[in-house]
Amino acid sequence: MLKIHFTESDISNITIIDSAAIEWEILGSLYRMRRPEGQHFYGSWRNSTRTVLSDAGRMLMSAVPTYGYCPDFLTPEKSAATPDELIDQLLATETDQVASDIHELSTSVTLAPWLRQLGDGDQRSMRRLGDSFSTYFYRHIEPEWRTVNRVISAEISRLHRMRDEGNIHFLLSSLHPELQWRNPVLKVRFPVDQEVALDGRGLTLIPSYFIYGMPTAYRDAARRPVLVYSVRHRSELVNHTEPGAALSALLGASRARVLLTLMTGRYNTSELAGKAGISLSSASEHITVLRETGLASSSRIGRSRYHEITPLGTNLIRAS
């Protein structure tokens with residue numbers, strides 16, 4: 001369990017990244033290549049990438065175990081917007097930091113020769129690592145980057161809207177199903193027990209396309225506090241909120257569209273009507289039926305009532 005302790009100043013000092021973070025997307029994709037989770041979302045990319053995986057990808061995999069510790073320095077504290085920015089940040093990493101992270105990695109895996117050299121301060125190995133990040137990105141991630149940016153941009157907009165409306169507590173409680181917000185502590189399901197006291201440093205939220213399942217953070221609590229979490233890929237699953245024949249036959253076309261719209265996020269009734277392209281009264285009627293049948297749930301936040309899909313509703317869409 002990861003426990004992040006907030007002060008009052010931290011609650012008002014939540015930062016949201018501007019765009020998709022290349023370093024975290026690369027890291028997540030290296031996990032997705034080998035872990036079975038998320039087959040519905042990543043299966044096609046995973047299968048096609050495995051067949052043409054570059055030497056750069058194999059090199060990066062040797063630094064990122066399938067499970068367990070991953071060196072913090074591979075995801076620099078300042079998010080990179082381009083591969084060149086990422087390379088510059090890697091090259092600027094303090095040798096002591098690299099050596100410490102490599103030593104930590106060596107306690108759980110057998111190091112590849114280039115990693116041992118990197119831990120000894122070999123700059124040629126660091127440049128080789130940077131080149132591998134760039135090659136891997138352009139060959140295996142860049143073809144998906146438009147989709148990644150679209151999904152991440154939608155989540156960033158949602159976060160900004162909630163923060164601007166002053167719904168910080170709602171924002172923190174709705175980030176991901178694997179976390180629980182009980183002011184002043186954010187509890188996150190995590191593979192190890194870890195406590196992070198923000199102490200006025202604030203928290204940076206990093207939604208990710210390729211990170212899946214449990215959220216993640218830096219092992220070193222002294223680094224910039226971040227929380228990296230999956231966007232849950234709702235918008236990818238719904239295919240622009242147009243229901244298929246089976247789901248329409250079961251629920252009716254309009255109600256099926258409302259359910260699919262809820263896959264893209266949590267909305268109040270007015271927002272739901274606009275996104276589903278129906279009247280406010282129809283949206284209210286449909287959400288009532290969906291709630292009564294256990295396919296959706298509603299909760300009141302301030303003066304508005306927000307609606308979201310339930311696991312039963314998600315499973316219904318997947319089965320259809």
Side-chain angles (χ1 to χ4, degrees), residues 15-35 38 41-42 45-46 48-50 52-66 70-94 97-98 101 118 125-157 159-160 176 203-220 223-233 235-236:
T15 303
I16 303 164
I17 59 170
D18 297 324
S19 59
I22 284 179
E23 67 280 5
W24 288 105
E25 297 304 337
I26 289 176
L27 176 65
S29 73
L30 294 169
Y31 290 141
R32 301 286 72 75
M33 194 89 67
R34 295 166 291 174
R35 294 181 182 180
F41 307 111
Y42 307 106
W45 173 85
R46 178 189 292 142
S48 62
T49 302
R50 280 174 173 172
V52 296
L53 184 62
S54 60
D55 290 340
R58 294 185 182 91
M59 179 179 177
L60 294 178
M61 282 184 178
S62 68
V64 180
T66 305
C70 173
D72 281 341
F73 79 89
L74 294 178
T75 48
E77 293 185 54
K78 182 179 180 182
S79 293
T82 68
D84 286 344
E85 286 185 13
L86 176 56
I87 291 173
D88 289 343
Q89 291 174 33
L90 287 171
L91 291 174
T93 307
E94 295 289 338
Q97 177 68 56
V98 175
D101 286 0
L118 184 63
S125 295
M126 181 61 83
R127 285 192 291 270
R128 184 182 170 202
L129 174 62
D131 290 342
S132 293
F133 267 110
S134 181
T135 298
Y136 178 84
F137 174 82
Y138 284 116
R139 185 167 299 181
H140 304 306
I141 303 299
E142 197 272 340
E144 304 290 323
W145 201 242
R146 178 178 297 180
T147 297
V148 172
N149 266 323
R150 175 164 55 82
V151 173
I152 298 302
S153 294
E155 174 67 1
I156 289 173
S157 296
L159 296 175
H160 277 292
H176 194 275
L203 180 68
T204 298
L205 300 177
I206 304 179
S208 172
Y209 181 88
F210 279 105
I211 293 292
Y212 188 78
M214 284 186 293
T216 190
Y218 289 124
R219 172 71 69 88
D220 184 356
R223 293 171 72 93
R224 176 183 65 139
V226 303
L227 184 67
V228 188
Y229 66 95
S230 170
V231 292
R232 291 189 277 177
H233 302 271
S235 59
E236 293 307 295

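What you see below is based on every heavy atom in this structure, not just the backbone, and it leaves out hydrogens, waters and symmetry mates. All figures in this text were calculated on a predicted structure; none of them were measured in a lab.
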Just verifying a value: how many Å separate Tyr136 OH and Thr49 OG1, rounded to the nearest 0.5 Å? 6.5 Å
Mind checking the CG-CD1 spacing from Leu203 to Ile16? Nearest 0.5 Å is all I need. 10.5 Å
Evaluation steps, side chain to side chain contact (heavy atoms under 4.5 Å, CB included), between Asp18 and Ile156: CA-CA 7 Å; Asp18 297 324; Ile156 289 173; over 6 Å; no
For Ser132 and Met59, which heavy atoms make the closest approach, and how far apart are they? OG-SD, 3.0 Å
For the NZ atom of Lys78 and the CG atom of Asp88, what is their distance to the nearest 0.5 Å? 10.0 Å
Minimum-distance pair of heavy atoms, taken over all atoms of Gly57 and Leu30: O-CD2, 4.3 Å
Give a yes or no answer on whether the side chain of Glu85 reaches the backbone of Ala81 with a donor-acceptor pair at less than 3.5 Å. yes
Glu25 and Trp145, any side-chain heavy atoms less than 4.5 Å apart: yes
Shortest non-hydrogen separation from Asp101 to Asp72 and the atoms involved: OD2-N, 3.3 Å
Contact between Met33 and Leu53 at the side-chain level, heavy atoms closer than 4.5 Å - yes or no? yes
Looking at Glu77 and Arg223, would you say the former's side chain and the latter's main chain have a donor-acceptor pair under 3.5 Å? no
Below 4.5 Å, heavy atoms only, C-beta onward: do Phe73 and Leu118 meet side chain to side chain? yes
Can you tell if the side chain of Leu74 reaches within under 4.5 Å of the side chain of Leu129, non-hydrogen atoms only? yes
Contact between Trp45 and Ser29 at the side-chain level, heavy atoms closer than 4.5 Å - yes or no? yes
Give a yes or no answer on whether the side chain of His176 reaches the backbone of Gly213 with a donor-acceptor pair at less than 3.5 Å. yes
Does any non-hydrogen side-chain atom of Tyr229 lie less than 4.5 Å from one of Ser208? no
Non-hydrogen atoms of Gln89 and Ser79 that approach each other most closely: NE2-O, 4.1 Å
Spatial distance of atom CD1 (Ile211) from atom CG (Leu27) [nearest 0.5 Å]: 5.0 Å
Decide, yes or no, whether a salt bridge links Asp131 with Arg128 under the criterion of side-chain N to carboxylate O below 4.0 Å. no
Going by the angle between their ring planes, with limits at 30° and 60°, are Tyr42 and Phe210 parallel, tilted or perpendicular? parallel
Closest heavy-atom pair, Arg35 versus Arg46, reported as atoms and distance to 0.1 Å, is O-NH2, 2.9 Å
Nearest-0.5 Å distance that lies between atom NE2 in His160 and atom CD in Glu155: 10.5 Å
Looking only at atom types and distance, does a side-chain atom of Thr93 sit under 3.5 Å from a main-chain N or O of Leu90, one as donor and one as acceptor? yes
For Tyr31 and Cys70, which heavy atoms make the closest approach, and how far apart are they? OH-CB, 3.4 Å
Given side chains that start at C-beta, do those of Ile152 and Ser19 come closer than 4.5 Å, heavy atoms only? no
Looking at CD1 of Ile206 and OG1 of Thr15, how far apart are the two atoms once the value is rounded to the nearest 0.5 Å? 10.0 Å
How about Arg34 and Val64: do any of their side-chain heavy atoms sit closer than 4.5 Å? yes
Within the 6.0 Å centroid threshold, strictly below: Trp24 and Tyr218: yes
